[in-house]
Visitor: 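The structure is given below, and queries will be raised subsequently.
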There are 2 protein chains.
Amino acid sequence: MVPMPDDRPFHHGNLRAVLLDQAETVLRERGIDALSLRELARAAGVSHGAPRSHFIDRAALLDALAERGFVRLADEIRGAAARASGDGAAGDGASGDGVSGDGAAVLRAAASAYVRFAAHESALLDLMFSAKADGPSEAVAGAAERLFAAMADIMAAGAETGAYDTRDVGRLTLLLSATVQGISALVTSGRITTDQSEALVDDAITVFLAGASAGR
Amino acid sequence: MVPMPDDRPFHHGNLRAVLLDQAETVLRERGIDALSLRELARAAGVSHGAPRSHFIDRAALLDALAERGFVRLADEIRGAAARASGDGAAGDGASGDGVSGDGAAVLRAAASAYVRFAAHESALLDLMFSAKADGPSEAVAGAAERLFAAMADIMAAGAETGAYDTRDVGRLTLLLSATVQGISALVTSGRITTDQSEALVDDAITVFLAGASAGR
DNA sequence: ACCTGAACACCGTTCAAGT
DNA sequence: ACCTGAACACCGTTCAAGT
């Protein structure tokens, strides 16, 4: 029953979130070139100068989008890994004691979720890894660290299964991160189809695990 | 002794090349956001409408830049691989009959050249793998194929050394391409230093070859 | 075939002013 | 603290006209 709190300033305190949500949609549907501050302001029903109260310039808005993207992507691969880890207990029982899914399945699930994100949010992922003239901002670098931390945690769990040596987790995390990002780049740039990307993820995990455990 | 052929239209038939060269420099020094058709025209000493005779719009210029980038990158990794292949004969003689360098060194050299390109031409590589709303143009897709073909040729040569099975060359080429592109993305986006990227290339080739030959 | 120059619509950014 | 609205400089694109 609460009426409209006031009338004019339709957005009060949440214009920032409204702009970011709308920007994400534009990014997804029409790409980064179609993203304009003035159009976002128009869509939100505010004047063209209003966004300035929340983003110093267009680059700041893009940075905020990239930041949110990293947080979302980190969450999604963590979720996928957790799900795959739990699935093991519900399997056919042939894989052992039913404690958890095997390490390969977990890595595959995480990598697969990453590449799926790339397919559905191509322009956003592109933005997240875009080459900036002066390097990434601190905020974006920090958010990117969260994605890397998620990869590291997933990899560390795999080391416990004995698939590779704990001492190598740092370097192997970086390598797997690069590989998954590379597969994603082939997807976002339209170089391979999503079907091909799924097969490529399988190959990547297979070769990665075989190579990582080769030193035993 | 040949005088200036005429006077006014300073560029005759090569304005296109002049624009592309200048655009590459701007890309390298100030990034893609600083790239404007009007500024390029000004720098070339022509009117702002002149570029239109060679590029239908800004996107067409960017496509042409990406195209040239793919051709250059393909050449560079071919050259690096050829050099590493030849180096083997000049080695310490311990590696065998002196016919050619070992497969790992060739792959490492090619991957290293790729990542070096990424470090020196960050904005260009970014453009080459950028997510376009309607997918890549045919011309760009064709140029990208040339890069992939270079990778495939290098990989095929490695198969002859018995490092991996010939039947797997197609899939392994795709995987190595993705991995190298991923490492490059970490470089262009400022996520890792060039020192880290060199170590990562080493790890990537080591794990890749160990994993690829694991099935024997 | 290639280039000029005017015209138009749109944009990012700044800033004094309002509430 | 947040938003308005005018102002400015710059841009991409179009197009009739020149050579």
Side-chain angles (χ1 to χ4, degrees), chain A residues 3-27 29-66 123 127 130 132-134 137, chain B residues 3-27 29-66 123 127 130 132-134 137:
Chain A
M4 295 294 275
D6 260 324
D7 47 350
R8 280 297 167 53
F10 185 62
H11 306 287
H12 230 88
N14 68 28
L15 175 59
R16 186 189 149 94
V18 169
L19 291 173
L20 286 174
D21 286 344
Q22 179 62 17
E24 231 168 57
T25 301
V26 172
L27 213 49
E29 296 179 350
R30 293 186 289 138
I32 196 164
D33 288 344
L35 196 64
S36 109
L37 288 177
R38 288 178 102 112
E39 186 187 291
L40 290 177
R42 245 178 274 132
V46 295
S47 77
H48 68 258
R52 236 280 174 128
S53 302
H54 303 279
F55 306 102
I56 182 75
D57 57 16
R58 186 176 187 269
L61 175 88
L62 297 184
D63 276 353
L65 286 171
L127 177 61
S130 67
K132 309 270 180 57
D134 312 298
S137 71
Chain B
M4 294 294 273
D6 259 326
D7 44 352
R8 282 297 168 53
F10 185 62
H11 307 286
H12 231 88
N14 67 29
L15 174 58
R16 186 189 149 93
V18 169
L19 291 173
L20 286 174
D21 285 345
Q22 179 62 17
E24 230 168 57
T25 301
V26 171
L27 212 50
E29 296 179 351
R30 293 185 290 138
I32 195 165
D33 288 344
L35 195 65
S36 109
L37 288 176
R38 288 177 103 112
E39 186 186 294
L40 290 177
R42 248 177 273 131
V46 295
S47 76
H48 68 259
R52 236 277 174 128
S53 301
H54 303 279
F55 306 102
I56 183 74
D57 57 16
R58 187 176 186 270
L61 174 89
L62 297 184
D63 277 353
L65 286 171
L127 177 61
S130 67
K132 309 270 182 57
D134 314 295
S137 71

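All chains are named by letter (A, B, ...) in the order of the sequence lines, taking the proteins before the strands, and each is independently numbered beginning at 1.
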Visitor: Can you name the salt bridge (Lys or Arg N to Asp or Glu O under 4.0 Å) partners of B:D21, sequence neighbours left out?
Guide: B:R68

Visitor: So what is the 5' to 3' dot-bracket string for DNA chain D, if pairs are Watson-Crick or G-U wobble with both distances under 3.5 Å, crossing pairs use [ ] and | means the partner sits on another strand?
Guide: ||.|||||...|||||.||

Visitor: Would you list the pairs meeting salt bridge (Lys or Arg N to Asp or Glu O under 4.0 Å) in which at least one residue belongs to residues 42-52 of chain B, sequence neighbours left out?
Guide: none

Visitor: For A:L20 and A:A64, work out which heavy atoms get closest and say how close.
Guide: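 The pair with the smallest heavy-atom distance is CD2-CB, 3.9 Å.
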
Visitor: Rounded at 0.5 Å granularity, tell me how far CG in B:L15 sits from CD in B:Q22.
Guide: 11.5 Å

Visitor: On a heavy-atom basis, which atom in A:A44 and which in A:V18 lie closest, and how many Å separate them?
Guide: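 Of all heavy-atom pairs spanning A:A44 and A:V18, the closest is CB-CG1, 4.1 Å.
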
Visitor: Roughly how far, to the nearest 0.5 Å, is CG of A:D63 from CG of A:L127?
Guide: 7.5 Å

Visitor: Nucleotide by nucleotide, 5' to 3', does protein get under 4.0 Å of the base (B), only the sugar-phosphate (S), or neither (-) in nucleotides 5-18 of chain D, counting heavy atoms?
Guide: BBB---SBBB----

Visitor: Under the salt bridge (Lys or Arg N to Asp or Glu O under 4.0 Å) test, which residues partner A:R30, sequence neighbours left out?
Guide: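 So A:R30 forms a salt bridge (Lys or Arg N to Asp or Glu O under 4.0 Å) with A:E39.
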
Visitor: Rounding to a whole Å, what distance do you find between A:F55:CZ and D:dC3:C1'?
Guide: 15 Å

Visitor: Identify every side-chain donor-acceptor pair in residues 54-62 of chain B under 3.5 Å, counting partners at least two apart or on other chains, and give the distances.
Guide:
from  : atom 1 : to    : atom 2 : distance (Å)
B:D57 : OD1    : B:A59 : N      : 3.3
B:D57 : OD1    : B:A60 : N      : 3.0
B:R58 : NE     : B:L35 : O      : 3.2
B:R58 : NH2    : B:I32 : O      : 3.1
B:R58 : NH2    : B:L35 : O      : 2.9

